[in-house]
Amino acid sequence: MSAQARPTRITTRQICQRKGGSPIVALTAYSTPVARLLDAHCDMILVGDSLGMVLYGLPTTLGVTVDMMINHGQAVMRGTMRACVVVDLPFGSYGASPEQAFGTAARIMAESGCAAVKLEGGAEMEATVAFLVARGIPVVAHIGLTPQSVNTFGGFRVQGRDEAGRHHILEDAIAIERAGAFAVVIEGTVEPLAREITAALRIPTIGIGASAACDGQILVTDDLVGVFQDFTPKFVKRYAEIGGAIEEAVAAYAADVRSRAFPGDAQTFKVAGKSPTQEG
Ligand code: KIV
C-alpha cells in the first residue's frame, strides 16, 4: 500500500470529540494478527493488562510487567494503521508518584509508538493524570471496578450499587476529567450511575459492564469471540465460539495424524521431472 493510501490514525482528540456522538467502538488486542482483524472496525484498540490473565494464564492482572506491555504494544502497533492504540500501565508501575508514572508512560509510548496510556484510579490519581497530560502523555482513566484493586475489593464485584459507592465513583470521574484525561473507561457499575457520569462529563465514557448509557463500549476480544468455554461474565455477549472451533480443528488434526490421513498428497512435495532441484 502506498503512503498516500494509508488511512490516517484516529487521534486521542478525535476520540474525545466523539462525546455524545456515534458510539465509540473499542476492543482489546495483544497480537499483530488480531490487531489486523480489529483495525478496520474499531475506533480504539486497548492493549489491556488483561493479557496477563487471557494470554499468560495469571490469576489476576497484578503480575503483568512493563516489558510485557511494551512487547504486546509493539505487536498491536504493527498490526494497525487506523485505530487509536492505547496501552495499559501495569500494576506497580505508576501508583507511587507522578514521576514514576511519567517514567513508565514515556517508556511505553516511546518504545511501542502507541497514542496514549490507560491507568486505573480516580480522585487519588488526579495529580498523576494532570502531571502526565501536562507533559504530552494522553491518558484514559479507568474507574469503577478496577481489576488491579481486586484485593481491596475482595473480588470482581460490581461497584457503585449503594449511595456511598455512587458518590465515590462520580467524584472519581469528575476528578479525572478535571485532570485532563481524554476519555474514561467505566467498568462494572450499575446503569443509573453510568448514565449520571456520562451526563456529568464532557469527555466520553467507555463502558465495560456499565450499560448502554456510556458514550462507547469496550470488551476483551477473547471474551466476545468465545475463546474460553468455562466462564462468561454477565456483561459479555459472545458473537462467536472460536474456542469450540479450535478444539474441533485440533481433534480432527490429531485423528488425521494418527490414521496417517495427514499429510496427504496435497501437502506433500514431489520430485518433478528430472531436475533434482525442482519440487512440485
Ligand atoms: O485490561 C483490559 O483489558 C481492560 C479492559 C477490560 C477495559 O482494562
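When reading the values below, keep in mind they use all heavy atoms of this one structure, side chains included, and skip hydrogens, waters and symmetry mates. Atoms within each ligand, like the ligands themselves, are counted from 1 in listed order. Residue numbers run from 1 in the order of the sequence given.
For ligand 1, one of its N or O atoms has an N or O atom of Asp49 under 3.5 Å away. Of the N or O atoms in Thr28, none lie within a sub-3.5 Å distance of an N or O in ligand 1.
Phe262 does not carry Arg260 over the face of its six-membered ring by the limits of under 6.0 Å from the centre and within 45° of the normal.
Residue-ligand proximity, Asp88 to ligand 1, at heavy-atom distances under 4.0 Å covers atoms 1 (O), 2 (C), 8 (O). Listed by atom number, the atoms of ligand 1 under 4.0 Å from Gly48 heavy atoms are 1 (O), 2 (C), 3 (O).
With contacts defined as side-chain heavy-atom distances shorter than 4.5 Å, the pair Ile206/Cys214 does not qualify.
Ser211 and Arg195 share no donor-acceptor pair across their side chains, judged by distance under 3.5 Å alone.
Protein heavy atom closest to atom 8 (O) of ligand 1, with residue, atom name and distance, is Lys118 NZ, 2.8 Å. Ranking the protein heavy atoms by distance from atom 6 (C) of ligand 1 puts Ile208 CD1, 3.5 Å first. Atom 2 (C) of ligand 1 has as its closest protein heavy atom Ser50 OG, 3.3 Å. In terms of protein heavy atoms, atom 5 (C) of ligand 1 is closest to Leu46 CD2, 3.7 Å.
A donor-acceptor pair is defined here as one N or O able to donate and one able to accept, closer than 3.5 Å; no such pair exists between the side chain of Lys19 and the backbone of Arg202.
Heavy atoms of Leu51 found under 4.0 angstrom from ligand 1: none, in either backbone or side chain.
For the ligand labelled ligand 1, residue Glu120 lies outside the 4.0 Å heavy-atom shell.
When Asn71, Ile70, Val85, Val117 are each tested for a side chain to side chain contact (heavy atoms under 4.5 Å, CB included) with Val47, only one passes: Val85. Each of Val220, Thr221, Leu46, Ile45 was checked for a side chain to side chain contact (heavy atoms under 4.5 Å, CB included) with Tyr30, and the lone residue meeting it is Val220.
Taking every heavy atom of both residues into account, Val87 and Ser112 meet most closely at CG2-OG, 4.3 Å.
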